[in-house]
Amino acid sequence: MSNKMTMLEPTNLTEAMQFAETICKSGMVPKDYQGKPANTLVAIQWGYEVGLAPMQALQNISVINGKPTIWGDSALALCKSHPDYRGCNEYMDGDVAVCEIKRQLRNGEVETTKRTFSVAEASTAGLINKGGAWKTYPNRMLALRARGFALRDAFPDALKGIITTEEAQDYPEPKKTSAVESVQAPQVSSEGDTMQNILEAVSEPETASKGGKESDTLFLNIPGRTPETFQDEQAWVERYNELMLAMRQCSLPHAERRTKLKELEQANEYVLGIIDIAIGDELREKRKKFNAGLSVEEKEQADEGWTDA
């Protein structure tokens with residue numbers, strides 16, 4: 001038997017969503033993704049777009065102001081792996097950071113893309129007095145900004161428009177145009193999905209500033225019925241519990257009740273993944289206990305000679 005471990009890598013969107021929901025519960029992923037399956041899924045998909053495996057993507061892609069970005073060192077690594085890459089030269093020319101990226105063109109010529117970023121530009125952008133890395137490692141930050149510009153211009157096909165995390169962190173957070181946005185469970189197919197419809201499908205609600213609760217509308221999907229909407233996580237959880245209990249205690253055959261409980265969970269998997277992790281796990285565990293109880297009751301009736309009507 002081979003000792004080689006098979007790499008865990010989703011093969012379609014359904015598997016990717018399940019993978020994201022599991023991974024985001026781990027304390028070994030960056031905080032940007034802990035408890036956030038939507039952000040996790042977007043990062044994984046962006047990893048596929050630029051050639052990173054899922055775990056590489058989670059370590060090298062960050063979500064800044066709702067947009068995926070890539071750390072500067074990772075961006076350079078991706079471009080170095082491109083077949084047309086022919087070199088990189090980075091240096092300081094006084095107070096100006098310079099980055100030169102070389103790429104071989106189809107005609108065999110090597111094109112040099114040179115981009116700079118100066119102290120004066122950083123000062124105009126309000127970065128010099130920003131503090132943090134700009135105060136402790138100003139030359140490094142200047143170099144990373146010049147590198148990001150050069151790499152994006154020289155290898156747009158490799159980076160696919162994604163900007164560096166260091167650059168994105170320096171931009172002001174965009175103003176929110178609406179206090180409430182509707183969020184439904186994503187309706188996606190398992191094959192042939194583009195980055196655009198994945199982003200639309202998993203668009204994650206903003207988190208309220210107090211108490212970590214979701215300020216957006218939460219949809220409770222009930223198979224065969226119109227979804228119910230809630231503005232409060234606790235109200236959503238209470239209603240979900242009521243529905244599970246009603247399905248557990250109704251007069252339908254045991255097998256049908258187990259099926260309905262499972263369908264209810266599957267229809268609300270997205271919301272179960274974005275609410276408090278402990279509560280989501282508790283609701284899933286309660287469904288399993290209900291189903292186990294129904295199976296026991298069904299067996300006991302069968303042993304006594306009873307059958308479901």
Side-chain angles (χ1 to χ4, degrees), residues 9 30 32 42-128 130 132-134 136-172 174 192-199:
E9 190 165 326
D32 281 346
V42 170
I44 290 172
Q45 179 60 28
W46 264 113
Y48 280 127
E49 296 284 333
V50 298
L52 295 174
M55 298 311 295
Q56 289 178 312
L58 294 179
Q59 293 300 320
N60 294 294
I61 292 179
S62 294
V63 178
I64 307 295
N65 294 334
K67 295 182 178 181
T69 65
I70 189 168
W71 290 99
D73 291 337
S74 299
L76 180 57
L78 284 174
C79 292
K80 283 187 174 182
S81 66
H82 195 284
D84 296 331
Y85 176 82
R86 292 297 179 270
C88 172
N89 185 26
E90 295 178 295
Y91 57 93
M92 290 295 299
D93 182 7
D95 59 0
V96 179
V98 181
C99 180
E100 299 174 341
I101 301 295
K102 296 182 179 181
R103 175 174 184 164
Q104 183 172 319
L105 304 178
R106 291 184 178 180
N107 61 9
E109 295 182 3
V110 175
E111 177 185 66
T112 298
T113 299
K114 179 179 178 180
R115 297 293 180 266
T116 63
F117 198 70
S118 65
V119 171
E121 290 175 295
S123 179
T124 300
L127 302 176
I128 296 299
K130 187 177 180 180
W134 276 103
T136 54
Y137 307 105
N139 286 356
R140 173 65 173 169
M141 298 305 291
L142 289 169
L144 285 171
R145 182 61 67 88
R147 176 191 294 179
F149 293 159
L151 290 175
R152 292 213 312 275
D153 290 345
F155 287 93
D157 52 334
L159 297 179
K160 303 189 185 302
I162 192 170
I163 71 172
T164 62
T165 301
E166 293 88 353
E167 180 181 345
Q169 287 176 331
D170 290 335
Y171 293 148
D193 298 280
T194 64
M195 189 66 209
Q196 181 61 35
N197 63 35
I198 290 172
L199 287 169

>> Quick check for you: to the nearest 0.5 Å, what is the distance between Ile70 atom CD1 and Ile163 atom CD1?
In response: 11.5 Å
> Listed by chain and number, what are the side-chain hydrogen bond (donor to acceptor under 3.5 Å, both in side chains) partners of Glu111, not counting sequence neighbours?
Replying inline: none
>> If I take atom CG from residue Asp84 and atom CZ from residue Arg106, how far apart are they, to the nearest 0.5 angstrom?
In response: 9.0 Å
>> Checking Trp71 against Gln59 for the side-chain contact (heavy atoms from CB on, under 4.5 Å) test, could you report, in this order, the C-alpha distance in whole Å, the side-chain angles of both residues, the deciding distance, and whether it holds?
In response: CA-CA 9 Å; Trp71 290 99; Gln59 293 300 320; over 6 Å; no
In a table with atom names and distances, give each donor-acceptor pair under 3.5 Å that connects a side chain of residues 141-154 to protein atoms at least two apart or in another chain.
residue, atom, partner, partner atom, Å
Arg145, NH2, Asp170, OD2, 2.7
Arg147, NE, Glu90, OE2, 2.8
Arg147, NH1, Gly72, O, 3.4
Arg147, NH1, Asp73, OD1, 2.9
Arg147, NH2, Glu90, OE1, 3.0
Arg147, NH2, Glu90, OE2, 3.4
Arg152, NH1, Glu167, OE1, 2.8
Asp153, OD2, Arg115, NE, 2.6
Asp153, OD2, Arg115, NH2, 3.2

> Nearest 0.5 Å, what's the SG-CG distance between Cys99 and Leu76?
Replying inline: 7.5 Å
> Taking atom CD1 of Ile61 and atom OG1 of Thr69, what is their separation to the nearest 0.5 Å?
Replying inline: 8.0 Å
> When you measure from the side chain of Thr124 to the backbone N and O of Ala120, does any donor-acceptor pair fall under 3.5 Å?
Replying inline: yes
> Taking atom CD1 of Ile44 and atom CD of Gln56, what is their separation to the nearest 0.5 Å?
Replying inline: 12.5 Å
>> Tyr137: which residues meet the side-chain hydrogen bond (donor to acceptor under 3.5 Å, both in side chains) condition with it, sequence neighbours left out?
In response: none
> Hey, what do you get for CD1 (Ile101) to NE2 (His82), rounding to the nearest 0.5 Å?
Replying inline: 12.5 Å
